[in-house]
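Below you'll find the structure, written out as structure tokens, and then a few comments.
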Protein chains: 2
Amino acid sequence: MTAVPDPVSSARRIAAPPSMSALAAEALREMVLSGDLKPGDRVVENRLTEALGVSRPPLREAMRVLEQEGLIVQTPRKGAVVAPVTPHDIYEIVSLREEIEQIAVRLGVPVRSQERLDRLRRAFADLEAAAEEEGAPRVVASSFAFHLAIVGLAGHRRLEDVYRSLSLQMRMCMAMNRRARAAIETARQDAARHRPLMELVEAGDVDGMAHTLAHHGQRTFLLSIEDDAPGHSPESRAWFARIHREEEEAMRRDGHA
Amino acid sequence: MTAVPDPVSSARRIAAPPSMSALAAEALREMVLSGDLKPGDRVVENRLTEALGVSRPPLREAMRVLEQEGLIVQTPRKGAVVAPVTPHDIYEIVSLREEIEQIAVRLGVPVRSQERLDRLRRAFADLEAAAEEEGAPRVVASSFAFHLAIVGLAGHRRLEDVYRSLSLQMRMCMAMNRRARAAIETARQDAARHRPLMELVEAGDVDGMAHTLAHHGQRTFLLSIEDDAPGHSPESRAWFARIHREEEEAMRRDGHA
DNA sequence: CGTCTGCCTTTTGTAGACAGTAGTCCACCG
DNA sequence: CGGTGGACTACTGTCTACAAAAGGCAGACG
């Protein structure tokens with residue numbers, strides 16, 4: 001039928017040869033996403049080599065990957081730090097994420113590939129299983145995987161790659177103030193909102209998907225961003241103001257319902 | 001006025017400490033974009049180290065960057081090749097590029113930042129200067145820089161980064177069949193079409209920009225892609241068909257005018 | 001007492017070398 | 001003559017070691 005089997009999902013290798021670089025990248029990524037390393041923290045090579053048990057060259061390559069993913073920033077002779085996130089950064093991440101979701105839904109929602117739909121179903125099942133667990137930090141990862149699978153419906157590898165990178169940055173932001181535990185609550189609340197998305201996909205309802213996704217973001221997390229925090233740009237200020245307006249609107253509507 | 005000076009343009013360092021990794025990445029990128037290395041060609045580390053005069057560690061880091069940019073593909077124990085481009089890849093690159101341009105115009109076109117507008121004006125002047133030169137391979141780079149500056153109007157660093165990466169891949173595709181010189185012709189023709197864009201930006205015409213950009217792509221390059229080439233997906237086939245339809249429509253309209 | 005300058009430590013950038021694995025070619029056997 | 005096994009080659013993955021630069025600290029001078 002199609003010359004390429006499925007450009008997106010065929011990226012995974014069947015037999016994965018463990019590579020120290022890849023392992024180091026994964027470990028480092030996990031340290032950032034779990035909040036062990038907070039934005040602004042210095043990332044010293046020597047310290048990590050003995051912590052991870054790898055030598056510096058593979059670690060440096062891993063740091064290059066993390067840099068491209070936007071999780072750390074490197075300045076030539078000064079070292080690396082976990083990427084600091086300003087309100088403007090959060091604006092960039094969330095707004096671009098939503099735009100990409102819209103594009104993906106437009107491209108992929110009358111699902112044409114059984115393979116991609118199966119992937120989404122698996123992600124949904126995994127998410128529901130994770131939601132039942134106690135405490136459930138796995139909900140966050142599963143939720144992001146579910147959204148990633150939605151974007152994957154488009155069969156657009158580059159679109160999915162960008163979305164994956166943004167999701168990682170988003171998770172880093174949420175790990176930053178997970179201390180407040182607000183993000184976890186958000187995740188559990190959002191988990192309940194995933195079933196309608198799944199149903200809309202099954203029904204092939206493009207407009208419904210687009211509309212639902214547009215109001216699906218981690219809103220309570222976004223609302224926790226102070227308006228007078230440093231690092232705002234005019235764009236981010238206007239964008240956050242819009243989020244606040246929409247959320248108040250939604251709360252008023254729900255109150256009347 | 002704003003807490004962050006300008007997140008996009010502040011990325012450039014004032015005093016650039018020369019880093020072998022960065023130099024190697026730039027040289028390697030140039031080799032790919034100029035067509036010295038064609039898609040599918042193997043990228044052997046030892047061969048490049050003696051060609052570029054650097055050692056393997058910085059070269060490997062450079063290759064990691066190029067990999068993230070989508071210009072080369074690395075498979076764990078087999079080595080690296082210049083990213084092969086199928087029609088599906090071209091569909092991905094061009095379609096995402098156009099989507100990003102639309103987003104950027106929506107976000108940035110009533111230009112609020114004098115700095116960003118100045119950057120666009122400089123890019124435009126540079127493009128016009130390059131168009132006057134003989135042969136003018138610099139037109140291609142200047143044209144891409146101009147488009148990048150348009151996207152930069154949004155003040156959205158991540159959006160611009162994605163666009164830059166896609167532009168590099170696009171240039172690689174065009175370098176691939178530059179042998180036919182069709183791409184160069186396209187670039188010169190397109191150069192004339194840049195002035196309206198500049199004027200629309202100055203006028204703050206969002207809809208005009210969006211509409212013009214939607215039909216501004218390297219169409220003659222795209223039309224050179226054979227419909228029966230290997231590596232098509234259902235999505236790419238449908239997309240190319242649409243491009244052909246639109247182009248025929250445009251030619252018929254111009255013929256009547 | 002404050003500030004500037006020089007040295008020292010820390011950290012990064014780079015080089016060269018070694019080990020392990022995948023692909024390939026040839027020889028041998030059926 | 002075809003297929004299979006093994007050895008060889010070449011490449012990648014990783015490590016240790018060295019050099020250079022940036023930042024911190026102490027001491028001396030104004």
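Naming: A, B, ... by sequence-line order, numbering from 1 per chain. Not measured: the values here are computed from a predicted model.
Rounded to whole angstrom, the span from the CZ atom of A:R77 across to the P atom of C:dT12 amounts to 11 Å. Between the CG atom of B:L48 and the P atom of C:dA15 there is a distance of 14 Å, given to the nearest Å. At whole-Å resolution of the value, CD in B:Q74 and P in D:dT12 are 9 Å apart. Residue A:N46 contributes atom CG, which lies 9 Å from atom C1' of C:dT12 at whole-angstrom precision. Here the P atom of nucleotide C:dT14 and the CD atom of B:E45 are 16 Å apart, to the nearest Å. The interatomic distance linking B:R42 (CZ) with D:dT12 (P) rounds to 6 Å, in whole Å.
In this structure, the nucleotide among D:dA22, C:dT11, C:dG23 sitting nearest to the side chain of B:K78 is C:dG23. In this structure, of D:dT14, C:dT12, D:dT16, it is D:dT16 that holds the atom nearest to the side chain of A:S55.
Relative ring orientation between A:F124 and A:F146 is described as tilted, the plane-to-plane angle lying within the 30° to 60° band.
The closest donor-acceptor contact from the side chain of B:E92 to the backbone of A:R157 lies under 3.5 Å.
Contact check, B:R47 against D:dC11: a side-chain N or O comes under 4.0 Å of OP1 or OP2. In this structure, A:S21 reaches the D:dT14 phosphate: one of its side-chain N or O atoms is under 4.0 Å from OP1 or OP2.
In this view, B:E69 and B:R29 satisfy the side chain to side chain donor-acceptor pair (under 3.5 Å) rule, not counting sequence neighbours. In terms of the side-chain contact (heavy atoms from CB on, under 4.5 Å) criterion, residue partners of A:E235 (sequence neighbours excluded) are, by chain and number, A:Y91, A:S233, B:R112, B:R116.
When the shell of 6.0 Å around CD of A:E26 is examined, it contains 12 or fewer heavy atoms from other residues, nucleotides or ligands.
Contacts between residues 56-73 of chain A and DNA chain C, defined by a heavy-atom separation under 4.0 Å, are made by A:R56, A:R60.
Residues A:A175 and A:L33 approach most closely at CB-O, 3.0 Å, considering heavy atoms.
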